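Here the structure is a predicted model, which means the values were calculated and not measured.
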Amino acid sequence: MLPGNMMDRPLTVPSILDFAAEIHGDARVISARVEGDVHRYSYKDAHKRVSRLAHALRALGIGDGDRVATLAWNGYRHFELYYAISGIGAVCHTINPRLFEDQILYIVHHAEDRVLFLETSFLPLVEKLADRLPPDLRFVVMCAAGDLPETGLNVLAYEDLLAGQPDTIIWPDLDERQASGLCYTSGTTGNPKGVLYSHRSTLIHTMGLLAVGQSIGLSPERSLLPVVPLFHVNAWGLPFAAPLVGTDFVLPGTRLDGPGLFAFMDQEKVNTSWGVPTVWFGLLAEMRKHGRKPNGFDCVLIGGSAAPKPMIEEFERDFGVTVVHGWGMSEMSPVGSVGVFYARQRALPEEERMHLKTAQGRRMFGVEFKIADGEGTRLPHDGVAFGELHVRGPAIMSAYFNDEAATDGAFDDEGWLKTGDVARIDPNGFLFLVDRTKDVIKSGGEWISSIDLESAALAHPDVAECAVIAVPHPKWVERPLLITVLEDGSRLTAGEMQDFLGGKVAKWWLPDDVVFVDELPHTATGKLSKMTLREKFRDYRLPGV
Ligand code: AMP
């Protein structure tokens, strides 16, 4: 091998904020604070506070490889923690507060966290868990000393930590392969599993996002609001991509319901927002109520679960908001594909264009796709064959953190990560997710896609939300059951729903029954919890069985 003669400078997370402070110094971070007001500052100011926080962390004895946990909403202090912790060589471990208490306890112990930074609103939770947390864990409440609530815990105030620290810093020499972040996936079975990101993987993932930047709302002189939480998979990479590109970063705090989000987006003239479909159901309801979209809003990125076609159509046709559908997973930093459209796709007849928008997009640079059947044989990308999607790339996990049992079986013989998603890929590279391997309905040896059935049902104007799950059947092994939440005041019957689906899906795909419920269960990341539904309807008797 003839080695290249280029400098071996490491790719590091703090270099992003250094760059933003110098080049996009005036672009802003705007946060709806838990305290109730709106906080605004520039990336240049953020850099100063990050430097002070980094010095403060060192003063607390935090060093290379130490895990520092956060329990916080989307706000500027959480953003500062991302950079200060990883900047000094420690690991920013974001905890999802929506996890079950036992899961939170498990991951704090498993990660061996040294310090926990928490928002005031999570103090009651931490007080409740305190006896079962590691005895030497330190607590920092993310507020000023004067705002510290009464507590029996021994806590420090965030702003006290920063006081008196220098607002410049020379970052230590970091190895780009060292860990920078840690996030546990909220597995529906077993213990949560940790994904340990490195500086290098984070930078490569960020640059992959920027390669499609404009199409996903990432460009300077615009503003972007992540509804996707900073506490789950790096808010899909936005805390890194936004400052690098110089877009204003608008953080909603706890204003996450339809009315709260509408008002905040409207006030701050947010151009792009990213989040899961559940959030958009709420925002769209509010947009309908107002008869308009929030001021300036023109692009929405939908991911985390399949974007239903009626949702895509409503955003695009009724409100002129371009939908970009994306797919990813915690193990992938997390974005794997995004639905970037070029002139050729934009010019398609309306129905075809909408259909293509339901695809989960095309792979990002740095992510390779392979689909394989049950025996591991590669399948063609012909838009027809479908099998389990496998991925590989420099921003994709190579093992779970300190968890051999979970790592075993996560990869195939060639070292590709098995995603657990069933997909087909068309010749232009568009990915169509058919289902989760465990959600697909196996009827008489054939597969029925629960996602396709849900999309078809959601096209009915009376359906607010729905889920399709497999229920046992003596002859076919499994058959689909449609579980539906109706819009207020609707009197739709099961028979009418089945008639509606009649022309839209293959006859043998038609759900054997339709049940109506007041609400559907969701996971800690806002996705439908089909596991809970399967449990609830485990003994459900289909008609005629
Ligand atoms: P998580 O690691 O919690 O982000 O979950 C990752 C999983 O969410 C993926 O493996 C998919 O099953 C699902 N997912 C993510 N994005 C989409 C999407 N656009 N459509 C359908 N499923 C999705």
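For the side chain to side chain contact (heavy atoms under 4.5 Å, CB included) with Val250, the lone residue among Asn271, Val38, Thr272, Leu225 that qualifies is Leu225.
The backbone N or O of Pro226 sits less than 3.5 Å from a side-chain atom of Asn74, completing a donor-acceptor pair. Formation of a donor-acceptor pair under 3.5 Å by the Asp408 side chain with backbone atoms of Ala405 is not found in this model. Looking at Ser223, its side chain does come within 3.5 Å of a backbone N or O of Lys269 through a donor-acceptor pair. The closest donor-acceptor contact from the side chain of Arg77 to the backbone of Met142 lies under 3.5 Å. A donor-acceptor pair is defined here as one N or O able to donate and one able to accept, closer than 3.5 Å; such a pair exists between the side chain of Thr151 and the backbone of Leu153. At distances below 3.5 Å, not a single donor-acceptor pair connects side-chain atoms of Asn96 with backbone N or O atoms of Phe231. At distances below 3.5 Å, at least one donor-acceptor pair connects side-chain atoms of His109 with backbone N or O atoms of Arg132. No donor-acceptor pair closer than 3.5 Å links the side chain of Thr12 to the backbone N or O of His199. Side-chain N or O atoms of Trp274 include one that pairs as donor or acceptor with a backbone N or O of Ile216 at under 3.5 Å. Looking at Thr322, its side chain never comes within 3.5 Å of a backbone N or O of Cys299 through a donor-acceptor pair.
For Arg114 and Asp66, the salt-bridge test passes: some basic side-chain N is under 4.0 Å from an acidic carboxylate O. A salt bridge is defined here as a Lys NZ or Arg NE, NH1 or NH2 lying under 4.0 Å from an Asp or Glu carboxylate O, and Lys44 with Asp167 fails to meet this definition. Taking 4.0 Å as the cut-off between side-chain N and carboxylate O, Asp298 and Lys293 do not count as a salt-bridged pair. Salt-bridge formation is detected for the pair Lys289/Glu286: a Lys NZ or Arg NE/NH1/NH2 atom is positioned less than 4.0 Å from an Asp or Glu carboxylate oxygen. A salt bridge does not link Arg222 to Asp248: none of the charged side-chain nitrogens sits closer than 4.0 Å to a carboxylate oxygen. Checked for salt-bridge contact, Glu331 and Lys418 miss the test: no charged N lies under 4.0 Å from a carboxylate O. Comment: Lys530 engages Glu454 in a salt bridge, judged by a side-chain N to carboxylate O separation of less than 4.0 angstrom.
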Does Leu60 form a side-chain contact (heavy atoms from CB on, under 4.5 Å) with Val68? I'd like the steps, not just the answer.
CA-CA 11 Å; Leu60 283 178; Val68 177; over 6 Å; no
Working note: Tyr82 + Phe240, criterion ring-ring contact (aromatic ring centres under 6.0 Å, His included); need CA distance, chi angles, decisive distance, verdict.
CA-CA 9 Å; Tyr82 263 66; Phe240 309 112; 5.7 Å; yes
Run Arg52 and Glu159 through salt bridge (charged side-chain N to carboxylate O under 4.0 Å, His left out) and show every step you take.
CA-CA 10 Å; Arg52 289 162 62 193; Glu159 295 302 330; 5.4 Å; no
Quick one, Leu209 with His205, criterion side-chain contact (heavy atoms from CB on, under 4.5 Å). Give me CA distance, side-chain angles, the key distance, then yes/no.
CA-CA 6 Å; Leu209 285 178; His205 179 263; 3.9 Å; yes
Worked check of side-chain contact (heavy atoms from CB on, under 4.5 Å) between Met287 and Glu314
CA-CA 10 Å; Met287 285 162 65; Glu314 189 171 8; over 6 Å; no
Please walk me through it: do Cys183 and His232 pass side-chain contact (heavy atoms from CB on, under 4.5 Å)?
CA-CA 7 Å; Cys183 178; His232 186 59; 4.1 Å; yes
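Cation-pi check for Arg49 over Tyr41 is not met; the charged atom does not lie both under 6.0 angstrom from the ring centroid and within 45 degrees of its normal.
Atoms CD and CG, from Glu101 and Leu105 in turn, are 7.5 Å apart once rounded to the nearest 0.5 Å. Between atom OG1 of residue Thr120 and atom CG of residue Leu148 there is a gap of 9.0 Å, rounded to the nearest 0.5 Å. For the atom pair OH (Tyr197) and CD1 (Ile204), the distance works out to 15.0 Å, reported to the nearest 0.5 Å.
Contact record, Thr407 with Tyr400: OG1-N, 3.0 Å, taken as the closest heavy-atom pair. Nearest approach of Ala157 to Ala144, heavy atoms of both residues: CB-C, 4.0 Å.
With no hydrogens or angles considered, a side-chain donor-acceptor pair links Glu80 and Tyr158 at under 3.5 Å. No hydrogens or angles considered: a donor-acceptor pair under 3.5 Å links the side chains of His78 and Thr70. Side-chain contact check for Asp18 and Ser15: no donor-acceptor pair (N or O, by modelled atom type) lies under 3.5 Å.
Within a 6.0 Å radius of CG in Asp37, more than 12 heavy atoms belonging to other residues, nucleotides or ligands are found. Summarising the local packing, CD of Gln214 is surrounded by 12 or fewer heavy atoms from other residues, nucleotides or ligands at distances under 6.0 Å.
For His110 and Tyr184, the ring centers sit closer than 6.0 Å to each other. Taking the six-membered ring where the residue is Trp, the centroids of Phe297 and Phe319 are separated by 6.0 Å or more. Centroid-to-centroid, the aromatic rings of His47 and Tyr83 stay 6.0 Å apart or farther.
For Phe122, the ring-ring contact (aromatic ring centres under 6.0 Å, His included) partners at least two apart in sequence or on another chain are Trp73.
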